[in-house]
Every structure is written in structure tokens, then in C-alpha cells.
S.K.: 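Quick one: the structure is below, questions incoming.
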2 protein chains.
Amino acid sequence: MHLKLTTADGVPIYLQIADRIKRAIAVGKLKPEGPLPSVRQLALDLTINPNTVARAYLELEHQGVIYKRQGQGTFVSPQAVEAGRKERAKIVAALLEKAIVEAAALGMPPSEIAAIYGQLMHRYGLERP
Amino acid sequence: MHLKLTTADGVPIYLQIADRIKRAIAVGKLKPEGPLPSVRQLALDLTINPNTVARAYLELEHQGVIYKRQGQGTFVSPQAVEAGRKERAKIVAALLEKAIVEAAALGMPPSEIAAIYGQLMHRYGLERP
DNA sequence: ATCGGTGTATTAATTCAATTAGTACAGTGC
DNA sequence: GCACTGTACTAATTGAATTAATACACCGAT
């Protein structure tokens, strides 16, 4: 488990850890049911506090990407990939909802919301095939 | 100019002031080219620091809702209503962009983004006529 | 049972941004 | 020059986020 952390470029350590692990799973470096380094071990490697690693793991557990067995260790969840997909959907839905609720609160007509949405999707090349 | 401020329900004073003034304009209580209370006067009324009022005015100026004449005072911009509309669009666009950029970064296919968007618009009854 | 491993809980130190205020400065017009 | 306008700069306060210290609780093998 070789993680490279950029010391404080603004992104919290625990989020960096969580992100690296999710990528490792997506790429296949970490396989379902495979063990993650222990909280203490990873903390030693990175010269940080065990609690910081624990927090990263907690984040991942909430996302359903990993699970823990008390006294034994932490493992990649069998449905890690699918869980990652659902988590993505949740994040995006929350952001979209925020925008839509704000628009509605400001009295913006649906047609205008749709127009802005369409422009943005187009700008980022996200046309439907 | 009677503003009622709920002391620290979490919303910053300067934002509350800006909001009240925008509503006053929208409702017609403040008319284009009409004067706003001076920074000092309003600060006295509200028993707060002039700089706090100034900050609220700065916010509104950035949004094109008011303008200042040095040494004379602050006035409602002629295009205040239209400016308010544009400001709304900017806010909503920024929020939507955040969501779309995040979705793209997470590798979510456009069809899925569109699906979530559609669901949300439907949930909030924002169908196009 | 106890040892060496696992994760957890509680609390505190630190840092950082946001908010507000104190105070002194600068422009305008009578 | 006086009385009014907004402005600049600095500092106090607060509150949330992040990280760490340290002590606790669980598991499995010896």
C-alpha cells in the first residue's frame, strides 16, 4: 500500500486516503474481500495519527466500499464497485438538488433552469449519444 | 427603512440586510434611482458597525442592484430588477456547474446525469409547460 | 488467560476562514 | 470648513474542520 500524500495542498489527509483507496479498488489493485492495511500500520507508513486513517476508513465504510471485522481488520466490500457507483449518484444528486431548490426558491421558471442546464452539459461535451 | 434582523440565527447580518433590500426593490418599496439609507444611519438604526452595512452594500453593488456616488450616498440601480434576474441566473448556473463538473469527474455517463436531473425536476414539480 | 494484533472513543490542540467591529481616512457639496 | 457621504486597514471573536494524544474494547492464537 503505497500512498503518496501531498502535505496540505488544502485537501484533508483523510479524504486523500479515502480517494486513493477508492481508485485502487476501481483499478483492481485492491480486490473484493481483500484486506486493507491496518489503521496502525498505515498510520506508521504515513507518519500520521491512527485516528486519521480510521476516519478515512469510516468514510469509506459509510459509502459501503469497505467493511470491518472487529479485532481482525478492514476489508474491501464485495459490492465495492457497485457501492462506488451508488455513492457517485448520491453525490451528484445532492449537488443537483441544491441547484434546483435554489432556482425554485428564486422563482426561476423551469424553462430557464433547463436552458442553463442544457448550456452547461453542452459546454462540457456531455451530449447524449 | 425598517429592517428586522434575527440576531444570529446563523445567517450573517450583512446577508440579511442585502436580502431585505433586494426584496424591498422587488416589491417596489425602493424604486430605481431612489436613495438607500446611509451606511452610518442604517448602522445606527440596527446598532451595528457601519462596516457591516457597507459590506451588505458592497455585495449588492457587485450584483448590480445598487450603485454609489462618492460623498453623496447609495442609490438603487436603474436596472435593479433585471440585475436581480441576472444574479439569480449566475447563482443557479454556478450551482449547476458544480454538480455537472463533479459528475463528469466521477465518470458518470451523460444519460445518468440527465436521468437524475429529470427526476429532481419532476420531484419539485418543475415540469416545462 | 494473556499477548499482540485489530478498530474505537473521548478529548484537546491547531488551524483557518468568516464575521463583525474599532478607528482613522477620503470624497462631495453647501 | 462643516456635515455629510463611503472606504481602508486592522484587529477581536467565533466556529467549524482537521489532526493528534491517549486510553479503551474486541478478537484469535498461543
Side-chain angles (χ1 to χ4, degrees), chain A residues 1 3-21 30 33-77 80 91 94 98, chain B residues 1 3-21 30 33-77 80 91 94 98:
Chain A
M1 200 67 190
L3 296 184
K4 279 166 194 167
L5 303 182
T6 67
T7 43
D9 62 337
V11 182
I13 296 178
Y14 79 99
L15 283 183
Q16 292 186 45
I17 295 174
D19 193 59
R20 304 307 170 92
I21 291 176
L30 286 174
E33 299 296 356
L36 271 69
S38 84
V39 172
R40 273 179 178 73
Q41 185 56 53
L42 190 49
L44 275 180
D45 287 359
L46 303 175
T47 333
I48 59 179
N49 191 283
N51 272 334
T52 304
V53 178
R55 175 148 184 199
Y57 282 12
L58 188 63
E59 189 73 20
L60 292 170
E61 189 179 31
H62 283 157
Q63 298 179 9
V65 172
I66 65 178
Y67 69 97
K68 300 164 194 164
R69 283 199 288 257
Q70 183 56 291
Q72 301 193 31
T74 308
F75 304 86
V76 176
S77 165
I91 292 171
K98 199 169 178 178
Chain B
M1 201 67 192
L3 296 184
K4 279 166 193 166
L5 302 181
T6 67
T7 43
D9 61 338
V11 183
I13 296 178
Y14 78 99
L15 283 183
Q16 292 187 45
I17 295 173
D19 194 58
R20 304 307 170 93
I21 291 176
L30 286 174
E33 300 295 358
L36 271 69
S38 85
V39 173
R40 273 180 179 70
Q41 186 56 52
L42 189 50
L44 276 180
D45 287 359
L46 303 175
T47 334
I48 59 178
N49 191 280
N51 271 332
T52 304
V53 178
R55 175 147 186 199
Y57 282 11
L58 188 62
E59 189 72 20
L60 292 170
E61 190 179 30
H62 282 157
Q63 299 179 9
V65 173
I66 65 177
Y67 70 97
K68 299 166 195 164
R69 282 199 288 258
Q70 181 57 294
Q72 300 193 31
T74 307
F75 305 86
V76 176
S77 165
I91 293 171
K98 197 170 179 177

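Chain identifiers are assigned alphabetically (A, B, ...) following the order of the sequence lines, protein sequences preceding nucleic acid strands; residue numbering begins at 1 within each chain.
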S.K.: To the nearest 0.5 angstrom, please state how far the CG atom of Leu30(B) sits from the CG atom of Leu36(B).
M.R.: 5.5 Å
S.K.: Is Gln41(B) close to Asp45(B) at the side-chain level, that is, under 4.5 Å between some pair of heavy atoms?
M.R.: yes
S.K.: Would you tabulate the side-chain donor-acceptor contacts of residues 57-68 of chain B under 3.5 Å, counting partners in other chains and residues two or more places apart, or write 'none'?
M.R.:
{"unit_1": "Tyr57(B)", "atom_1": "OH", "unit_2": "Pro37(B)", "atom_2": "O", "d": "2.7"}
{"unit_1": "Glu61(B)", "atom_1": "OE1", "unit_2": "Lys68(B)", "atom_2": "NZ", "d": "3.2"}
{"unit_1": "Gln63(B)", "atom_1": "OE1", "unit_2": "Lys22(B)", "atom_2": "NZ", "d": "3.0"}
{"unit_1": "Tyr67(B)", "atom_1": "OH", "unit_2": "Glu33(B)", "atom_2": "OE1", "d": "2.5"}
{"unit_1": "Tyr67(B)", "atom_1": "OH", "unit_2": "Arg69(B)", "atom_2": "NH1", "d": "3.2"}

S.K.: Measure CG/Leu46(B) against P/dT19(C) and give the value in whole Å, please.
M.R.: 17 Å
S.K.: Could you tell me the separation between the CD1 atom of Ile13(B) and the P atom of dT19(C), rounded to a whole number of Å?
M.R.: 11 Å
S.K.: For Thr74(A), check side chain to side chain donor-acceptor pair (under 3.5 Å) against everything at least two apart and list the hits.
M.R.: none
S.K.: Roughly how far, to the nearest 0.5 Å, is CZ of Arg20(B) from CD1 of Ile17(B)?
M.R.: 9.5 Å
S.K.: Residues in side chain to side chain contact (heavy atoms under 4.5 Å, CB included) with Pro35(B), at least two apart?
M.R.: Phe75(B)
S.K.: In chain order, what residues pass the side chain to side chain contact (heavy atoms under 4.5 Å, CB included) check against Asn49(B), with sequence neighbours excluded?
M.R.: Asn51(B), Thr52(B)
S.K.: For nucleotides 7-15 of chain C, read 5' to 3', which letter fits each nucleotide if B means a protein heavy atom sits under 4.0 Å from the base, S means only the sugar-phosphate is that close, and - means neither?
M.R.: BSBB-----
S.K.: Please list, in 5' to 3' order, the outermost nucleotides of DNA chain D lying under 4.0 Å from any heavy atom of chain A.
M.R.: dT18(D) to dG28(D)
